[in-house]
Amino acid sequence: MEIFIKVVQLFMSLSLLVAIHEFGHFIVARIFGIRVEKFYIFFDPWFSLFKFKRGNTEYGLGWVPLGGYVKIAGMIDESMDTEQMKQPVQPWEFRAKPAWQRFLVMIAGVVMNLVLAFMIYCGISYTWGSSYLANEDVKWGYNFNATAEQMGFVDGDRIISIDGKEIDNVNEILNALVLSDNDRTVVVERAGMQQEFTIPYDQLLAMRNNEEFKGLYSPVVPMIVDSVDFEAARTAGILAGDRIKGVNGTITDDATLLKELLAEHKGEEVTLDIERQGGTVQIALPVSEDGRIGIIMATPFELRTRHYTFWESIPAGARLTAKQLTGYWQQLKMIFSPKTEMYKSLGGFISIGSIFPGEWNWFAFWNTTAFLSIILAVMNIIPIPGLDGGHSLFTLWEMITRRKPSDKFLEIAQYVGLVLLLILLVYANGNDIYRFFIK
């Protein structure tokens, strides 16, 4: 069921994104009087799932869910309709229009995806606000995996800043370390004192390539009693609000470690060190055969939420769009940089589908869809023939030089671009297959 829900969300999201992208090309072409012969969601080699014609345009749904397209009359595109290009130029064709109009038609899809992301982020800001775990609320510091410890972190460290930038949102820590293209200088609070150390770039690179950023750090969660559900614990005097700090003399702030200590004494009696109203008490208590002492833990952290009015949600949505756009552009530059080797982390449809939750959640769906809309916009503006960026580059060249590339050149460039895109598609989805089914 979980996989089914992920697939449904992926299908809905991609359908919306492709429709909006292609509608951008469609509406601007129609504004300039250019005939659009086809408007398809997904590709339709040999046949389509359904289609109908209205005016001069055939609308349809293809059976290959790898994108979508509009077929614009008089344009060399993925349809490779070279026969049309041999006919006399018609006034309603793409090639008959001035370069600036053709340029706007080409970038309209990317613009629509950015507009969609902006509108979704505005809606998210207005409906749910922005919630996050504040770094300053993580009073007991963080636990780190072995990779982070090799970088210089120590369990219990409170992270103050990275490269001079103070950390507000806990998620900013991972972004600052993963999206690095140089050494990182970190300031932490350790044992009540601030300490500074530098993480070499090669360690950050290895972390990314080996995907060791998963579980890199997690907030230390104290064992604070919310309620008691074992009679033995109630009889022993455990109270709501008690903070358990130790087991048989081993003191720690970390509930995970305390649970491990209790598990070592299954069926035995232990002495708990408890902080209560500023003082410390010791209570003897039996541990059950499954390692429990009969308490329900309180949640020590409260997410901070900023709520927005309708008008406040507009600049909030713009800021979030800009932040995600800048962050993804940085990731993309690193992917295409040979020294980072981040191309090894490229993923296809399985990777995209896996970022959706396994249960239906509208916030997660819209948040993911907005981010995918930004990805689609950025990927399409890359100047590769066959993508909007390639077409736009050639048109921009024409606008600057007043020299139009020949149809033969555009045909060859289109073939080259399609081959490059096919290689990228096979590589990305091949990575998925290797990671999820072989590795």
Side-chain angles (χ1 to χ4, degrees), residues 1-2 128-129 131-146 148-149 153-160 167 169-171 173 188-193 214-305 357-361 363-364:
M1 190 63 179
E2 180 178 326
W128 291 284
S131 298
Y132 66 98
L133 177 57
N135 182 49
E136 69 174 309
D137 290 342
V138 185
K139 302 174 184 177
W140 300 276
Y142 296 89
N143 285 326
F144 301 92
N145 66 10
E149 289 174 353
F153 292 103
V154 175
D155 284 349
D157 281 353
R158 294 188 63 219
I159 300 173
I160 306 301
I167 302 298
N169 187 331
V170 168
N171 293 330
I173 299 170
V188 300
E189 182 184 297
R190 182 179 300 164
M193 299 181 62
K214 297 176 180 177
L216 191 73
Y217 62 94
S218 59
V220 172
V221 179
M223 186 175 281
I224 299 174
V225 179
D226 178 69
S227 59
V228 179
D229 64 351
F230 279 11
E231 186 59 35
R234 192 175 293 109
T235 301
I238 301 293
L239 303 176
D242 283 353
R243 178 181 165 200
I244 301 173
K245 297 195 63 176
V247 176
N248 287 349
T250 301
I251 306 299
T252 178
D253 289 323
D254 188 4
T256 301
L257 180 55
L258 289 170
K259 290 177 183 178
E260 293 174 359
L261 291 171
L262 291 171
E264 294 174 2
H265 297 281
K266 294 177 182 178
E268 303 174 14
E269 185 174 273
V270 296
T271 299
L272 304 179
D273 292 280
I274 296 177
E275 183 181 280
R276 178 183 293 169
Q277 296 179 350
T280 302
V281 298
Q282 291 186 328
I283 294 178
L285 191 63
V287 181
S288 69
E289 292 297 333
D290 60 356
R292 296 183 60 208
I293 56 175
I295 67 165
I296 297 174
M297 287 177 52
T299 303
F301 306 120
E302 269 191 43
L303 294 179
R304 299 189 183 188
T305 302
E359 56 184 24
W360 198 269
N361 182 303
F363 170 80

Applying ring-ring contact (aromatic ring centres under 6.0 Å, His included), can you list everything that pairs with Phe230, at least two apart in sequence or on another chain?
none

What are the two closest heavy atoms between Asn169 and Tyr132, and how far apart are they?
ND2-CB, 3.4 Å

Go through it in stages, so that I can follow the logic: the residues are Thr252 and Leu258, the test is side-chain contact (heavy atoms from CB on, under 4.5 Å), and I'd like the CA-CA distance, side-chain angles, deciding distance and then a yes or no.
CA-CA 7 Å; Thr252 178; Leu258 289 170; 3.6 Å; yes

Run the side chain to side chain contact (heavy atoms under 4.5 Å, CB included) test against Ala240 and tell me which residues pass, sequence neighbours left out.
none

List in chain and number order the residues that pass side chain to side chain contact (heavy atoms under 4.5 Å, CB included) with Asp155, two or more places apart in sequence or in another chain; answer none if no residue qualifies.
Asn143, Phe144, Glu149

Under a 3.5 Å distance rule, please check whether Asp157 uses its side chain to pair with a backbone N or O of Ile159 as donor and acceptor.
no

Find out whether Phe153 and Leu216 are in side-chain contact, i.e. whether some heavy atom of one side chain is under 4.5 Å from a heavy atom of the other.
no

Residue set satisfying side chain to side chain donor-acceptor pair (under 3.5 Å) with Thr271, at least two apart, ordered chain then number -> none

Residue pair Ile160 / Val188, side-chain heavy-atom distance below 4.5 Å:
no

Rounded to the nearest 0.5 Å, what's the gap from CG on Leu262 to CG on Leu257? Could you check?
9.5 Å

For residues 263-270, tabulate all N or O donor-acceptor pairs below 3.5 Å that involve a side-chain atom, not counting sequence neighbours.
from: His265; atom 1: ND1; to: Glu268; atom 2: OE1; distance (Å): 3.0

What residues form a side chain to side chain contact (heavy atoms under 4.5 Å, CB included) with Asn135, not counting sequence neighbours?
Tyr142, Ile167, Ile173

Kindly list each side-chain donor-acceptor pair under 3.5 angstrom involving residues 283-296, sequence neighbours excluded, with atom names and distances?
from: Ser288; atom 1: OG; to: Asp290; atom 2: N; distance (Å): 3.4
from: Ser288; atom 1: OG; to: Asp290; atom 2: OD1; distance (Å): 2.2
from: Ser288; atom 1: OG; to: Arg292; atom 2: N; distance (Å): 3.0
from: Ser288; atom 1: OG; to: Arg292; atom 2: O; distance (Å): 3.2
from: Arg292; atom 1: NH2; to: Asp229; atom 2: OD2; distance (Å): 3.1

Which side chain to side chain donor-acceptor pair (under 3.5 Å) pairs, counting each pair once, include a residue from residues 214-224, with sequence neighbours left out?
Glu211-Lys214

Evaluate Ile238 against Ile274 for side-chain contact (heavy atoms from CB on, under 4.5 Å), listing each step before the verdict.
CA-CA 9 Å; Ile238 301 293; Ile274 296 177; 3.4 Å; yes

Tell me, please, which residues at least two apart from Trp360 pass ring-ring contact (aromatic ring centres under 6.0 Å, His included).
Trp362, Phe365

Please identify each residue that fulfils salt bridge (Lys or Arg N to Asp or Glu O under 4.0 Å) with Arg304, with sequence neighbours left out.
Glu136, Asp137

Do Asp273 and Gln282 have side chains that get closer than 4.5 Å, going by heavy atoms?
yes

List in chain and number order the residues that pass side chain to side chain contact (heavy atoms under 4.5 Å, CB included) with Arg243, two or more places apart in sequence or in another chain; answer none if no residue qualifies.
Trp140, Pro222, Ile224, Lys245, Asp253, Glu275

Non-hydrogen atoms of Gly237 and Arg276 that approach each other most closely:
O-NH2, 2.9 Å

State which residues pass salt bridge (Lys or Arg N to Asp or Glu O under 4.0 Å) with Glu231; sequence neighbours excluded, sorted by chain then number.
Arg234

Nearest heavy-atom pair of Phe301 and Val138: which atoms, and what distance?
CE2-CA, 3.9 Å

When rounded to the nearest 0.5 angstrom, what distance separates CG in Asn248 from CD1 in Ile251?
10.0 Å

